[in-house]
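Presented below is the structure to which this report refers.
It should be emphasised that the depicted structure is a prediction, and the values quoted were computed from it without experimental measurement.
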Amino acid sequence: MGAENPTKTRKLRRIREIREVRAVRYRERFKRMLRDGDILRYQGNSDEVGCYVAPRPLSKGNRYFEVTIIDTGVRGMIAVGLVPQFYKLDHQPGWLPHSVAYHADDGKLYNGNTVGQQFGPKCNQGDRIGCGIYLDSFDDGQITVFFTKNGKEVGNVEIPGSPEAFYPAVGMHSLGEEVRLDLHAEWGMEEEDGLMIVDSHEDEWARLHDVKVTGTLLEYVGKGKSIVDVGLAQARRPLSTRCHYYELEIANAGEKCYIALGLARRDYPKNRHPGWSRGSIAYHADDGKMFHGSGVGDPFGPRCFEGDIMGCGIMFPRDYISDGGDDMDDWDLDAWPKQSQVQNDLYANNDDEEEDGEDVDGRKVTVFFTRNGKVVGRREVAIPAGGFYPTIGMMSTGEKVRVDLHPLSG
């Protein structure tokens, strides 16, 4: 046999060294968990956390992963998120600094803290929880992490750092918990000029002023300095007998919780809170008052805070649409507090021409508001020509709401 080629020997040695380094660098880590293919099972005694950390961080080519809950076990304490490579495996993702996670058992976001923030719905057996990074945040030292439930975005959060520092992670904390892990899942991804196109639900909104839409989340992006800095979101379609109610959840109360939920005419001023100007009615979270075509509100219900769910709907007369059925729900009107009728001045062609008589624009309907599923009160008003459109106002820095325009469907 001939002498060994020194160059070839060096190359082979170098290849072995690279493989050894990669084997250490790209090695998945887990504790109190059993991995069987793409299945992760909790193997602790429910007193200690089990955690899995993927072998590779998210990247531009693989920036999203999903976990499907096969079994919630005893308590359903399953967490999905991003952590540093050498995260302590006896802590849930999101509990320690430089980690963030969405927790299935309480629907909260944990962002480097053992105290969570209200974020989204709870998740149960069969639900899919996803986590990803927006492509446009890969190069600026601040990444935007988003979470999904069953393919629909729940919300997002900005955190400092670069994507290569964050690894997919799953945490569990009770007997019987089991999930299916997909580290190469795709969600809402269509390549167009190198960008990830996400279903933002923006087409549900006809008008957006100083409000950013991300999935079902509306975020105030205005100045928040004075009463003219209102951010307004108005739905594309008015409430009807087939879709007569909508809700928002206060995801972040911001500085002042100047959040208003109500109904307004289609051409409502973009820099006025719903309820302040004619052609509108609204329930305001910060003071619990109802504003009805006036800048002065009436005492109406309790104040609302972060995590509270506010709702607004219309009780249409049974003959409102003669050729269609009425999709009324089961609100118990007899249980509502009785209120005196108010002057029917909701919508008039000219402020100076408003009178106590019938409004020329439409029939009377009953508008009602709810807080956390319980009716707060109602008011009879005249519906404007063209209908009443779901309208949300915000006015202080940091305010975010999660909106469901069809909570009674499905």
Side-chain angles (χ1 to χ4, degrees), residues 27-58 62-83 87-96 99-111 113-132 145-155 157 166-188 215-216 249 307 402 404 407 410:
R27 183 175 59 193
E28 62 184 9
R29 302 171 58 241
F30 52 91
K31 185 176 183 180
R32 301 187 187 94
M33 282 197 187
L34 174 66
R35 179 164 187 185
D36 181 8
D38 59 354
I39 303 297
L40 295 176
R41 297 186 181 93
Y42 178 73
Q43 292 291 296
N45 58 12
S46 291
D47 291 329
E48 300 171 308
V49 170
C51 188
Y52 167 90
V53 179
R56 286 178 172 79
L58 293 185
N62 181 30
R63 52 190 179 272
Y64 178 76
F65 74 101
E66 275 188 345
V67 166
T68 301
I69 300 176
I70 297 175
D71 196 326
T72 55
V74 177
R75 289 179 291 179
M77 300 178 73
I78 297 167
V80 177
L82 300 174
V83 302
Y87 191 76
K88 293 183 179 179
L89 299 178
D90 53 357
H91 288 72
Q92 283 275 30
W95 282 2
L96 296 180
S99 71
V100 62
Y102 180 25
H103 286 220
D105 60 311
D106 57 13
K108 291 184 177 181
L109 179 77
Y110 289 76
N111 187 4
N113 198 311
T114 54
V115 178
Q117 300 174 324
Q118 198 59 47
F119 185 67
K122 297 177 182 180
C123 302
N124 301 297
Q125 184 173 329
D127 286 333
R128 288 181 293 118
I129 305 174
C131 176
V145 179
F146 66 91
F147 294 90
T148 67
K149 179 187 177 187
N150 298 330
K152 295 183 178 180
E153 181 166 348
V154 174
V157 60
F166 293 96
Y167 289 67
V170 180
M172 300 186 203
H173 201 178
S174 76
L175 292 173
E177 291 170 351
E178 182 176 328
V179 302
R180 178 177 293 106
L181 175 66
D182 184 355
L183 291 173
H184 303 282
E186 293 187 358
W187 169 77
T216 60
E249 177 185 355
R402 188 167 293 105
D404 188 348

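Pairs of residues two or more places apart, or lying in two chains, that qualify as side chain to side chain donor-acceptor pair (under 3.5 Å) and include a residue from residues 169-181 are R41-E178, S174-E177. Evaluation of the side chain to side chain donor-acceptor pair (under 3.5 Å) test over residues 44-53, restricted to residues two or more places apart or in two chains, returns E28-Y52, R32-E48, R35-Y52.
Put simply, the side chain of F30 does not reach to within 4.5 Å of the side chain of L40, judged on heavy atoms. Side-chain contact between D182 and T68 is absent, with no heavy-atom pair separated by less than 4.5 Å. Side-chain contact check for Y42 versus M77: every heavy-atom pair is 4.5 Å or farther apart. The shortest side-chain heavy-atom distance between L109 and F147 falls under the 4.5 Å cut-off.
For the pair R402 and F119, the cation sits on the ring face: its NZ or CZ lies under 6.0 Å from the ring centre, inside 45° of the axis.
The salt bridge (charged side-chain N to carboxylate O under 4.0 Å, His left out) test applied to K108 returns no partner, not counting sequence neighbours.
Closest of all the heavy-atom pairs between I70 and V179 is CD1-C, 3.8 Å. The two atoms that bring M172 and I78 nearest to each other are CG-CG1, 4.4 Å, heavy atoms only. A pairwise comparison of heavy atoms in Q118 and G307 identifies CG-CA, 3.8 Å as the closest pair. Shown here for A104 and I129, the closest heavy-atom pair between the two residues is CB-CD1, 3.9 Å. Of all heavy-atom pairs spanning F65 and V67, the tightest one is CE1-CG2, 4.3 Å. Of all the heavy atoms in S99 and V83, the pair that sits closest is CB-CG1, 3.7 Å.
Atom NZ of K88 is separated from atom CZ of R29 by 11.5 Å, given to the nearest 0.5 angstrom. Atom OH in Y87 sits 12.5 Å away from atom NZ in K31 (nearest 0.5 Å). Here D38 contributes atom CG and H184 contributes atom NE2; the two are 11.0 Å apart, rounded to the nearest 0.5 Å. The distance from atom CD1 of I69 to atom CD of Q125, rounded to the nearest 0.5 Å, is 9.0 Å. N124 CG to D71 CG: the interatomic distance, rounded to the nearest 0.5 Å, is 11.5 Å.
The only option from V170, T148, V145 that meets the side-chain contact (heavy atoms from CB on, under 4.5 Å) definition with C131 turns out to be V145.
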### Task
Check step by step if salt bridge (Lys or Arg N to Asp or Glu O under 4.0 Å) holds for K149 and D127.
CA-CA 7 Å; K149 179 187 177 187; D127 286 333; 3.8 Å; yes
